[in-house]
Each structure stands twice: as C-alpha cells, then as structure tokens.
Number of protein chains: 2
Amino acid sequence: MEEKEISQAVIGRLPRYFRYLGELRDEGVERISSQELSELMKVTASQIRQDFNNFGGFGQQGYGYNVEYLYNEIGKILGLDRKHNFIIIGAGNLGQALGNYTNFERRGFLFKGIFDMDPKLAGKEVRGVRVMPMEKLEEFVRDNDVDIAVLTIPKTGAVEVAEKLVKNGVRAIWNFAHVDLNVPEGVMVENVHLSDSLMKLSYNISRYMKERGEI
Amino acid sequence: MEEKEISQAVIGRLPRYFRYLGELRDEGVERISSQELSELMKVTASQIRQDFNNFGGFGQQGYGYNVEYLYNEIGKILGLDRKHNFIIIGAGNLGQALGNYTNFERRGFLFKGIFDMDPKLAGKEVRGVRVMPMEKLEEFVRDNDVDIAVLTIPKTGAVEVAEKLVKNGVRAIWNFAHVDLNVPEGVMVENVHLSDSLMKLSYNISRYMKERGEI
DNA sequence: TTTATCCTGTCAATTCATTGACAAACTTTT
DNA sequence: AAAAGTTTGTCAATGAATTGACAGGATAAA
C-alpha cells in the first residue's frame, strides 16, 4: 500500500491537518476544498494536495475532500486507530502534568504506569495510577506491553534509563530530558527539548529588537 | 553586523550546538574541529561550518574552534546574554512545572508571575511567586516589563488571552495551548504542541510496524 | 626554518521541499 | 442533456537546505 518513504516534513504537518479537520467535523462541515483549507490554515493549497497525495487520493475533482473521511484517514496514517500503552518515568510536575492530561486517552494513548526514584512520591496517585519505585520499572515494562515510555527525569540518568527501557522491549521514547538518547535502530525517539524551544523564541526576540534598533 | 536573514532551519540547530559546547566546556575541552564535533553530534562537518558561518568566522584554519569562545558567541546570538521576564498563564500541572524549572533562570529567563482563573489556586505559591487571578493579568503585564508570556491554559480561551497579552505589550508567546494563535506582525509565537509531537511518534511506530509486517 | 598536516570558509553540486500550472474528471447550473 | 464551473492529482519549475570539494591560511612536526 504505502511504498515510498514519506518525508518528516510532511509527517510533521499531519497532526495540524488532523486538528483542523477535527474542528471542522465538530462544526458539522461536510466537505472542504484544498483552497478553502489553505485559507483557513494559512498554507498553500498546492502543499495540501501534495501532502495528502503522498498517501493516495482522498479527494475528488469538482468536490474537494470529505471532511469526516479525510479526518479518519489521517488518523489511521498517524496510527491513532490503535491503542498505545505508555508509562511515565519521573513523577515531578511535568510527569504528573502529562499523566493528568486526559486528551491523550482520547487518541488511544493509555496511561499505564508512573515511576520515580524519590521514595517520598512512591504511593502517590496520578489519575488513579500509583507512583512506583524505579526498581519495579524493568519488570513492569516486560509484563505490561508498554509501547511508549515518557522520560521526564533530569538529564543525568536519562541515558541509562533509556537503555534499560529498550533492553526490556520499549519501542518508542518521548524524551523530555535535555540530552540526546542513543538508541539502537528501530527504536523511535521524539525529543521535546523545552529549553531549545525557549531559546528559539529568545533568538527571535533579539533579532526583532536588533532589526528595530532597540538594542 | 548581521545582514542577511538566517533560516529557521539554522536557528533550530543553534540550541543543540549550544548544549554540546556547554558540555565540552564543562569537561574542560579547549578546542574542537568541525570534524570532531560532527562525530559527536552526528551531523555533517560541512553543515556545522556552514551554520556557524552564517554569523561570521568563529574558527581558525589548522586550529578549529575555541570551545569557550564559540559557546559564548552562540549564547549571544540566541539572546542569552540578556534578561527576559516571563509570566505563566495557567497554573495547572504544566504551568507549575515550568514555573519550578530553575534551569530557565540560569539562561536569563526570570519567572515573574503566574495567573489562573481558578480561585482555588489564587494565593498558592510556585517557587516563591503567588498565583494571581486573571483579573490582575493586564495590569501586571503593563507594569512589569513582561517579555514572554507562557500559555498553559486549555485552548478555549487561549486566543482571547493572547489578544489581551499583545494589547498590553507582550512581544513573545510560548504557546502550549493546542490552538494556533493569530497575533499581529512583530509578535513572536513559539508553539509547543505536545499532542502533535506524540502523534509524530505514533506515526513512526505504526510505520515501523508496517514495514516489519507486524500489523 | 622548512615541510607536512590540519582545518576553516566558501563555492559548486546535489538533494530535498515548495510552489505553480494545467489536463482530466467530477459537480452544478441552465 | 449540454454547458459552465470546480477542484483534484500530478508534472514541471522554482527555491531552499544539505553535502561535497578544495584553495588558502594556520598549526605542528621535523
């Protein structure tokens, strides 16, 4: 079905299409053309058609795209038609925030466990899930069909924990630790380096101020 | 000094260079060649030289780059040599997590205020800063030289709050709300759409499984 | 000092991504 | 039923980003 490699540039845009289409669907919109969608999303219509075509023809000439259908297809492409069990390692504010974020559940991401090395946190509940000590991590991963591990621990230790996770069968890591993980071929890592993002913002502020002579 | 527009592709790589150089510096490394750095960071040496050259020649033939110097220069480019006051709007888990993240302080990002519409949270302290009610937001922004506003509220309301922020002089928004903000020219927005990031991970898991015939 | 080696800055070549243009196919109107 | 109007899928053209190659300047070794 899918033969050629899809570029990450395209993949990166899919969630945004998905979001807009979901909103349109909720508003009861039945069909939309690439032209209309392009105005709404502020991208070119050509890019939209090109992007969708990577996955086959979802539209129809003279009609456009059926919102509901397109929404579902993109959902499938993103793998949202199946369940993913995830655990969180690091039960600090960020780990708890992600555990409490119920929207993930709606997309098929099921919160199954949370771990922390701090014994003070052990037993505390996050959305009905008890914080477990790190000693239980490997066993839990082996026994509970964990697809995704969310790393919300300081960078010290993150590399080591990632190795343990991979060794016990985790296939994907959502990495909030500020360090690059070195995982074997076939293990997916998606980095969320918050301070990198903040620095980009800082750069753009500086640049803007320099342009305007405010510095 | 800086004339030509630097592409966001380059800007996006600067924080990572900055991180690696900081670590090298902390390890006492004095000099490094693009070749060595490329092996460490797993990018091409050509890209490294090309990237740095956007900002002028930081290196020297036959020597390489001075780690300390390069680190500082990139810091300056990123605007980390000056202070940025920031406030957080939304004192849920995520807002509190960001407020408590002391590393931002080290980079010159100063946590000045946090707001929430929930009266139960009013008065609660996050790293020495009292949660204020939303009614105080606009006044606070006007009076306290706020550079960056961090939006950690649900998407309902985010657009409206962003408008208020801009109207009162905020120049940059770090947006964690799952919605696109529509701000005037000159206001910087850096989006952190966590669920988009998670969907990308999900896509890559699915793709890998399909490749291997596991689906 | 001289020679060999190293390594940047930059230009050119290549690859990748985006945009523009239009034939073909469908929908709507007359 | 025919004509007019839409809108996709795709090809070609353009633009942007990455990689490769190397001259020339600096360092290190002999």
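Quick caveat: nothing in here was measured; it's all calculated off a predicted structure. Values below: every heavy atom of this structure, side chains too, minus hydrogens, waters and symmetry copies. Lettering follows sequence order; numbering is per chain, from 1.
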Who pairs with B/Phe52 by ring-ring contact (aromatic ring centres under 6.0 Å, His included), at least two apart in sequence or on another chain? B/Tyr17, B/Tyr65
Neighbour count >12 (heavy atoms, 6.0 Å) for atom CE, A/Met117: no
B/Ser46 side-chain proximity, nearest of D/dT18, D/dT10, D/dA21: D/dA21
Nearest-angstrom distance from the residue atom CD of A/Gln47 to P of D/dA13: 20 Å
Once you round it to whole Å, what is the distance between P of D/dA17 and CD1 of B/Ile6? 11 Å
Of residues 13-33 of chain B, the positions that come close to DNA chain D - non-hydrogen atoms, cut-off under 4.0 Å: B/Arg13, B/Arg31
Which residues share a side chain to side chain contact (heavy atoms under 4.5 Å, CB included) with A/Arg171, sequence neighbours left out: B/Tyr208, B/Arg212, B/Glu214
Between D/dT27 (C1') and B/Gln60 (CD): distance, integer Å: 9 Å
Taking N and O atoms by type only, does the side chain of A/Gln61 place a donor or acceptor under 3.5 Å from a partner on the base of D/dT7? no
Sequence-distant partners of A/Lys112, salt bridge (Lys or Arg N to Asp or Glu O under 4.0 Å), two or more places apart: none
Which is more 5' along DNA chain C, the nucleotide nearest B/Gly56 or the one nearest A/Gln50? Just name the residue. B/Gly56
Does D/dG9 have its OP1 or OP2 closer than 4.0 Å to a side-chain nitrogen or oxygen of A/Tyr65? yes
Quick test of your reading of the model: are B/Glu163 and B/Lys167 salt-bridged, counting only N-O distances below 4.0 Å? no
Could you give the OH-to-P distance, from A/Tyr63 to D/dT8, as a whole number of Å? 11 Å
Nearest-Å distance for atom pair CG/P, residues B/Asn54 and D/dT18: 11 Å
Without decimals, in angstroms, what is the distance between B/Asp51 CG and D/dT19 P? 10 Å
Sorted by chain and number, sequence neighbours left out, side-chain hydrogen bond (donor to acceptor under 3.5 Å, both in side chains) with A/Asn85 holds for none
Side-chain donor-acceptor contact under 3.5 Å, B/Ser33 with B/Glu36: yes
Boundaries of the DNA chain C segment in contact with chain B, non-hydrogen, under 4.0 Å: C/dC6 to C/dC11
Could you state the CZ-C1' distance from A/Phe55 to D/dT8, rounded to the nearest angstrom? 17 Å
For A/Phe104 against A/Trp174, the heavy-atom pair lying closest together: CZ-CH2, 3.7 Å
Can you identify which nucleotide, out of D/dT19, D/dT10, D/dA17, has its nearest atom closest to the B/Thr44 side chain? D/dT19
Tell me, yes or no, whether the heavy-atom count around A/Glu30 atom CD, taken from other residues, nucleotides or ligands under 6.0 Å, exceeds 12. no
Taking CD from A/Gln35 and C1' from D/dG9, how many angstroms apart are they, rounded to a whole number? 16 Å
